[in-house]
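Worksheet for the structure shown next.
All residue numbers refer to positions in the sequence shown, counting from 1. Every heavy atom of this structure was used, including side-chain atoms; hydrogens, water molecules and symmetry mates were not. Both counts, for ligands and for their atoms, begin at 1 and track the order of listing.
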Amino acid sequence: MTRWDKRADMVVHEAEPFNAESNPVVLAESYLTEVDRFYSRNHGPIPNISAQGWTLTVDGLVGVPLTLTLAELQSGFARHEVTATLQCAGNRRADLIAVKPIPGEDPWGPAAISTATWTGVRLADVLAAADLDPRATDIAFDAPDVSQLADPPQHYGSSISAAKAGADEVLLVWEMDGVALPRLHGGPVRVVVPGYIGARSVKWINRITAQDKPSDNHFQATAYRLLPAEADPDSAGPGVGLPLSVLSINSAILQPADHTTVAAGPQTVAGYAFSGGGRTIARVEVSIDRGEHWVQADLGEQVNPWAWVLWHAMLDLPAGPVTVAARAFDSSAGTQPESPAQLWNPKGYMNNAWPYVRLTAEPR
Ligand SMILES: Nc1nc2c(c(=O)[nH]1)N[C@H]1C(S)=C(S)[C@@H](COP(=O)(O)O)O[C@H]1N2
Ligand SMILES: [Mo]
């Protein structure tokens, strides 16, 4: 075990604030990611908030502002569960950095993504209890952790549209896979916004504000925006670039590991595929000739549109160096672009290019 009760084989990008992803090879081995393998992304020191001391304020464009304790949240609203995949907007950034450096951002591999079953109450039910004003277009979330990445330093926050906030799958959760939400993952309470970039699933949430514009928090207004390739990220202030929310279709090859030697002949290749916005995974294909020919992968179950698919395919590898590529299609026929160079952006977000693993196949 390493810090925060994570497995010793986690890939730790930063110890403080703690930023770590699973060893990619083991990630595809279970549909629900074990909590001690679940990636974690933090922008500041992890707050320590007791369940007894926690309160949630609901204010802004509401008829009845609320202050709720955990006991009131748990007893006042119907309990719901959602199995949902969280994916950081920086997942697979390493492949963008290989195209051109991205200073100041962690080189996440393909495992800044994980799946859990989350238990809590619907955000929509809490907003209804506060008598949400129909003029509210955005629902802002605030948390107490202070990030030095903002200038001046700022607590973490973001927002989602009022339409998404009203959707059944968006929960305020206090349990992850049946255990109390660990402190690292936002305990006592976080929001889970399935199908959106992880940044919107605000941990340690202590305030929800209904408003008629998006949050002006650094992590909504300035960070987590897709800048044009030419933009200078240091001078791009609030409002520049497009705000990221719904995830695009993505996939990764997790087995065999990149840059490894395997036996020529029959070889199983395995990974995940996931798309945002409630779109399901329709097809995954793999290729050993850079996309001239494709082999159909077998898809595992997708328990609901908010959770990933694990897939595997059987390839017949010729002896010698071989590059395996994959691509997924979602239910809107959306698919992945061929090369990360087409997607490079100054903050390195949303890489959904074909994944590649470079293997050496040795004659048996
Ligand atoms: N309060 C707070 N919430 C946060 C963050 C944070 O730094 N502070 N990081 C966000 C980002 S970018 C991601 S990808 C997810 C990661 O959640 P996890 O650590 O539970 O995996 O939390 C989001 N919520
Ligand atoms: Mo993230």
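- A cation-pi contact, defined as under 6.0 Å to the ring centre and within 45° of the axis, is absent between Arg92 and Trp108.
- Taking only non-hydrogen atoms, the option from His155, His43, His185 nearest to atom 18 (P) of ligand 1 is His185.
- A centroid separation of 6.0 Å or more is found between the aromatic rings of Phe274 and Trp311.
- Those atoms of ligand 1 with a heavy atom of Asn42 less than 4.0 angstrom away are 7 (O).
- In terms of modelled atom types and a separation under 3.5 Å, the side chain of Trp354 and the main chain of Gln336 share a donor-acceptor contact.
- What sits closest to atom 22 (O) of ligand 1 on the protein, heavy atoms only, is Arg190 NH2, 3.4 Å.
- Listed by number with element, the atoms of ligand 1 under 4.0 Å from a non-hydrogen atom of Trp204 are 1 (N), 2 (C), 8 (N).
- Among all protein heavy atoms, the one lying closest to atom 19 (O) of ligand 1 is Lys203 NZ, 2.5 Å.
- A donor-acceptor pair is defined here as one N or O able to donate and one able to accept, closer than 3.5 Å; no such pair exists between the side chain of His80 and the backbone of Arg122.
- Using the six-membered ring where Trp is involved, Tyr224 and Phe219 have ring planes that are tilted, between 30° and 60° apart.
- The backbone N or O of Ser275 lies less than 3.5 Å from no partner atom in the side chain of Asn250, so there is not a single donor-acceptor pair.
- At the top of the distance list for atom 1 (N) of ligand 1, counting protein heavy atoms only, stands Asp145 OD1, 2.8 Å.
- A donor-acceptor contact shorter than 3.5 Å is absent between the side chain of Arg200 and the backbone of Ser245.
- A 6.0 Å sphere centred on CZ of Arg135 holds no more than 12 heavy atoms belonging to other residues, nucleotides or ligands.
- Looking only at distances, a side-chain donor or acceptor of Glu21 sits under 3.5 Å from a matching main-chain atom of Ala111.
- Here the heavy atom of the protein found nearest to atom 23 (C) of ligand 1 is Gly198 O, 3.3 Å.
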Exercise for review: Could you go through the side chain to side chain donor-acceptor pair (under 3.5 Å) check for Thr85 and Thr115 one step at a time?
Suggested key: CA-CA 4 Å; Thr85 298; Thr115 301; 2.7 Å; yes
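- When only non-hydrogen protein atoms are considered, atom 2 (C) of ligand 1 lies nearest to Tyr156 CD2, 3.3 Å.
- Taking every heavy atom of Ala143 and a limit of under 4.0 angstrom, the matching atoms of ligand 1 come to 1 (N).
- In this structure, atom 12 (S) of ligand 1 lies nearest to the protein heavy atom Tyr224 OH, 3.1 Å.
- Between Arg41 and ligand 1, at least one N/O pair is under 3.5 Å apart.
- In terms of protein heavy-atom proximity, atom 14 (S) of ligand 1 is nearest to Tyr39 OH, 3.1 Å.
- Looking at Cys88 against ligand 1, both its backbone and its side chain come within 4.0 Å, counting heavy atoms.
- Within the structure, ligand 1 lacks Phe219 among the residues with a heavy atom less than 4.0 angstrom away.
- Using a non-hydrogen distance threshold of 4.0 Å, Gly186 does not register as a contact of ligand 1.
- Contacts with ligand 1 closer than 4.0 Å are made by no heavy atom of Gln87, backbone or side chain.
- One hydrophobic cluster holds both Val322 and Leu315 under the rule that ILVMFWY side chains link at heavy-atom gaps under 4.5 Å.
- Of all atoms in ligand 1, numbered sequentially from 1 with element shown, those under 4.0 Å from a heavy atom of Phe38 are 21 (O).
- The shortest heavy-atom distance from Arg200 to ligand 1 is not under 4.0 Å.
- When atom types are taken as modelled, the side chain of Asn42 and the backbone of Pro45 share no donor-acceptor pair closer than 3.5 angstrom.
- Protein heavy atom closest to atom 24 (N) of ligand 1, with residue, atom name and distance, is Ser201 O, 3.0 Å.
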